[in-house]
Amino acid sequence: MADHKPHTSHEEHLREQHLMLDPMPRGKMNEMVMESMHTTSWKFWLVFGLLSALVAYALFYKWGVMILEGLGVAGVNRPSYWGIFLVNTVFWIGISHAGTFISAILRVFKAEFRRPFTRAAELMTTFGLIQAGFSIFMHMGRVWLSYWLMPIPNERQLWPNFHSPLSWDLLAITTYLLSSTMYLFLPLIPDLAMARDRTPDGTWQKVFYRVLALGFRGTEGEWTHLRNALNIFAFAIIPVMFSVHTIVSWDFAMATRPGWNSTIFGPYFVIGALHSGMGAVVMVLAVVRGTMKNMKYFIRPEHFEAIGKLMLIISMSWAYFFFNDYIVQWYGGDKWTKELLHWHEAGPMGWMWFGMLICNVAIPWAILWNKKWRSTPWLIFIVGLLINVGMWFERYIIVPISLTINRMPFTWRLYQPGIEVWLGIGTLAFFILLYMAASRLIPLIPVWEVQEGQMAHSLRKYGRETVVTVSELE
Amino acid sequence: MAEEKALLAVFSDIDPAADAIEQLRILGVHDDCMNVISGIPVTEAMLGRPSQWTNVPRLALGGAIAGFLVGLFLAFITPNMYTIMVGGQPFTPVPPAVIVLFEMTMLGMLISTFVGVFLDSLFPNYRPMHYVPEISDGKIAILIECPPPDAQKITDVLKKLGAESVKEAEAQHL
């Protein structure tokens, strides 16, 4: 005889699994989110202090040293003029793609599981782009002349060449940074108003929330304008996101160098960006869930499960693009390209090439196919971490290692990083530091979006089966 | 002319709020004299309210056009103002200009969308306003402007329809 569980038990199970089916009064959810922001242990402040010290030393002090001493203290030299600075620029721009992917694409496709963590992902976009900006400024060397990039009329007749991929970079990254920051801020306004309403008068936090909430009350007009704007942003920011990493790839692909001059570099870079970005989102969610109060209610195994599936699909897509890029270059038979491909696998940094494939393909495929494993926060955290290691390796292989082999063998020399290692660590520490600060200042959970989702979900019976139904509220 | 009185009725759910709006209309309160304030976006259709007007899409379109024009200026006009002669290369090539045009168009559109929310919603607004903090805790409030003699009648009807509280709205700093 078939073993049928009672309906109530199945319903309870569904509610336990799905945040959207397990509503709480809005006031209670607000309270939980505010409590998560205000509850900080000594461990938080210890990590915060250590990271602040690391940022002060690795980012600002070391950068100051490089400014005083010149770019000679970095390892970039002939033939690898592009080193870790550019690796990190590409890496951080890649990380920034997850915010838009999760928030905009999943919003457009009405993927309901996105609701509790859109903001956590959007914050990554803004903070990731800040680190990318730092990295590219470091690469410039004479950073105080960075305004030369801007089209400013001047008596020396200096003007950016808008036909150069580096100028496209400036336009694309600026557009993406501005638009993703605006896209972060708009849906935050109602939650800032909530925080304003729940913060006692006479505190600096009250002033902070009051100023940033802009006087939002939640009138029909305000919601209509906000909803329209969010819809426009969700659709418009997607092509901007694609353009950013495509243009970053063109910094390489537009050069007729072995290993770089590839027509598939644009989509290959975009999928790589999503790969590392999703890995980073899952890491952030696991940490937020594990360390912040009340977050286990909002971020559940179902979310890791859903992101895990996306990560698996993205990993497969990355493998497809990687192989496509590889085989076309290999089949072409160009002497220098073959030399380079051999150098990637069998050169002194070959371990990095194999590490990239293991981290980006083998490990995600081995773990993420299993629903139970991909729903386990600590395990998927490790997968996300390894994907990011693998994607950093990929950028390292593309930038300095590929520059090692060129058409002039007498210039071949292995890149040896110098001060840029510290500066890279500094950007990582600064990213985490900004995230920690934000987690205590702004609601990481978009409560109004969660409540809206909970209103749209219900359980309905079809015959003996209880199923989840979602209504279209917008 | 007597000054209008502002009442703020707070409801715990959408259904009684929608019923109250219908009843207020029957009592002769015009739609323009009501405003619904809520902690989540409740659509006009749910409450039986007329559609809200927004300029945001038009501003977005305007911004896109302005951005496109700036892109045209950067890609096609400025190379003639600041000449950089590179051997064998066209002076104002179209394919690279497409990238500049795309980025500037999108930037113009998104900035104007953002600014549009500010303009349409009159943000930032730090003047005293009619509001109760319970709204962000999930309550739905109806702000009603009515002639003072009708206030008591409206209050009674709204309470009968399930309003948790109906009181004279006081403008306060948020």
Side-chain angles (χ1 to χ4, degrees), chain A residues 25-27 29-30 151 153 157-159 161-165 167-168 171-172 174-175 178-179 182-183 185-186 189-190 193-194 196-198 210-211 213-229 232-233 236-237 239-240 243 247 250 447-449 451-452 455 473-474, chain B residues 35-44 46-47 49 51-57 60 74-75 78-79 81-84 86 89 93 96-97 99-100 102-104 106-107 109-111 113-114 116-118 120-127 129-131 133-139 143 173-174:
Chain A
R26 172 66 182 274
M29 285 199 288
N30 289 343
Q157 298 285 297
L158 289 170
W159 195 254
N161 179 3
F162 285 103
H163 311 145
S164 153
S167 284
W168 306 339
L171 291 179
T174 308
T175 301
L178 287 174
S179 48
M182 292 185 284
Y183 190 49
F185 183 69
L186 283 178
I189 296 172
M194 176 277 286
R196 172 200 65 200
D197 294 346
R198 301 188 76 87
R210 189 169 168 260
V211 170
L214 306 167
F216 181 89
R217 288 183 294 163
T219 63
E220 294 164 296
E222 287 169 352
W223 281 118
T224 304
H225 309 317
L226 194 62
R227 215 168 37 201
N228 270 277
I232 293 170
F233 262 90
I237 209 167
V240 172
S243 78
I247 288 172
W250 288 344
V447 191
W448 67 271
E449 287 198 69
Q451 194 198 355
E452 192 186 32
M455 280 172 61
L473 290 186
E474 285 181 31
Chain B
N35 199 348
V36 179
I37 311 177
S38 58
I40 55 161
V42 183
T43 62
E44 298 93 340
M46 285 180 204
L47 293 167
R49 294 272 292 151
S51 290
Q52 292 289 313
W53 176 262
T54 179
N55 289 307
V56 171
L74 290 177
T78 60
M81 294 161 67
Y82 299 89
T83 48
I84 306 169
V86 182
Q89 290 190 5
I99 296 158
V100 178
F102 170 77
E103 294 297 339
M104 294 314 293
M106 299 311 279
L107 184 61
M109 180 165 79
L110 293 171
I111 287 178
T113 303
F114 185 73
V117 175
F118 279 62
D120 267 3
S121 305
L122 302 175
F123 288 155
N125 182 1
Y126 302 117
R127 287 171 301 167
M129 285 183 282
H130 300 307
Y131 184 71
E134 289 82 7
I135 291 166
S136 62
D137 276 347
K139 309 284 183 195
L143 186 64
H173 282 289
L174 301 184

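Below, chains carry the letters A, B, ... as their sequence lines are ordered, and counting in each starts from 1.
In this structure, the portion of B:Arg49 lying under 4.5 Å from any heavy atom of chain A is its side chain and not its backbone. For A:Met455, the part lying near chain B is the side chain, with the backbone staying farther off; criterion is any non-hydrogen pair under 4.5 Å. If you measure heavy-atom distances from B:Met81 to chain A, the contacts under 4.5 Å come from the backbone alone. Both the backbone and the side chain of B:Ile111 come within contact range of chain A, each with at least one heavy atom under 4.5 Å from a heavy atom of that chain. If you measure heavy-atom distances from A:Pro165 to chain B, you find no contacts under 4.5 Å at all. Both the backbone and the side chain of A:Arg210 have a heavy atom closer than 4.5 Å to some heavy atom of chain B. Residue contact with chain B, scored on non-hydrogen atoms closer than 4.5 Å, involves the backbone and the side chain of A:Pro239 alike. Of the two parts of A:Leu178, only the side chain, counted from C-beta on, holds a non-hydrogen atom closer than 4.5 Å to a non-hydrogen atom of chain B.
One finds the CD1 atom of A:Ile237 at 10.5 Å from the OG1 atom of B:Thr113 (value rounded to the nearest 0.5 Å). Here the CD atom belonging to A:Glu222 is positioned 5.5 Å from the OG atom belonging to B:Ser121, to the nearest 0.5 angstrom. Here the OH-CZ distance, from A:Tyr183 to B:Phe114, works out to 13.5 Å after rounding to the nearest 0.5 Å.
Side-chain N or O atoms of A:Trp223 include one that pairs as donor or acceptor with a backbone N or O of B:Ser38 at under 3.5 Å. A donor-acceptor contact shorter than 3.5 Å links the side chain of B:Tyr126 to the backbone of A:Val211.
Contact between A:Arg217 and B:Ile135 at its shortest, heavy atoms only, is O-CG2, 4.0 Å. Heavy-atom minimum distance, A:Gln451 versus B:Ile40: OE1-CG2, 3.0 Å. Here the shortest heavy-atom pairing between B:Leu74 and A:Phe162 reads O-CD1, 3.7 Å. Nearest approach of A:Asp197 to B:Ser136, heavy atoms of both residues: OD2-OG, 2.8 Å. Taking each heavy atom of A:Ala236 and B:Leu110 in turn, the nearest pair found is CB-CD2, 3.7 Å. Among all heavy-atom pairs drawn from A:Trp448 and B:Gly39, the shortest one is CB-O, 3.6 Å.
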Inset, instruction - Take B:Thr54 and A:Arg227 through the side chain to side chain contact (heavy atoms under 4.5 Å, CB included) test and state the conclusion after the steps. - result: CA-CA 10 Å; B:Thr54 179; A:Arg227 215 168 37 201; over 6 Å; no

Inset, instruction - Walk me through it: do A:Leu158 and B:Tyr82 pass the test side chain to side chain contact (heavy atoms under 4.5 Å, CB included)? - result: CA-CA 7 Å; A:Leu158 289 170; B:Tyr82 299 89; over 6 Å; no

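Note on A:Arg26, A:Glu220, A:Met182: by heavy-atom pairs under 4.5 Å with chain B, the leading option is A:Glu220. The candidate from B:Pro93, B:Ala97, B:Ala75 with the greatest count of non-hydrogen atom pairs under 4.5 Å with chain A is B:Pro93. Among A:Gly27, A:Ala193, A:Pro190, A:Ala213, the residue making the largest number of heavy-atom pairs under 4.5 Å with chain B is A:Gly27.
Between A:His163 and B:Gln89, the closest side-chain pair of non-hydrogen atoms is not below 4.5 Å. Counting heavy atoms from C-beta outward, B:Glu44 and A:Thr224 have side chains that approach closer than 4.5 Å. Between B:Glu103 and A:Ile247 there is a side-chain heavy-atom pair separated by less than 4.5 Å. Between A:Ser179 and B:Met106, every side-chain heavy-atom pair lies at or beyond the 4.5 Å cut-off. Side-chain contact between A:Thr219 and B:Val36: absent, with no pair of heavy atoms (C-beta onward) separated by less than 4.5 Å. Residues A:Leu214 and B:Asn125 form no side-chain contact, since every pair of their non-hydrogen atoms from C-beta on lies 4.5 Å or further apart.
In this structure, B:Phe123 and A:Phe216 have tilted ring planes: the angle between them lies in the 30° to 60° band.
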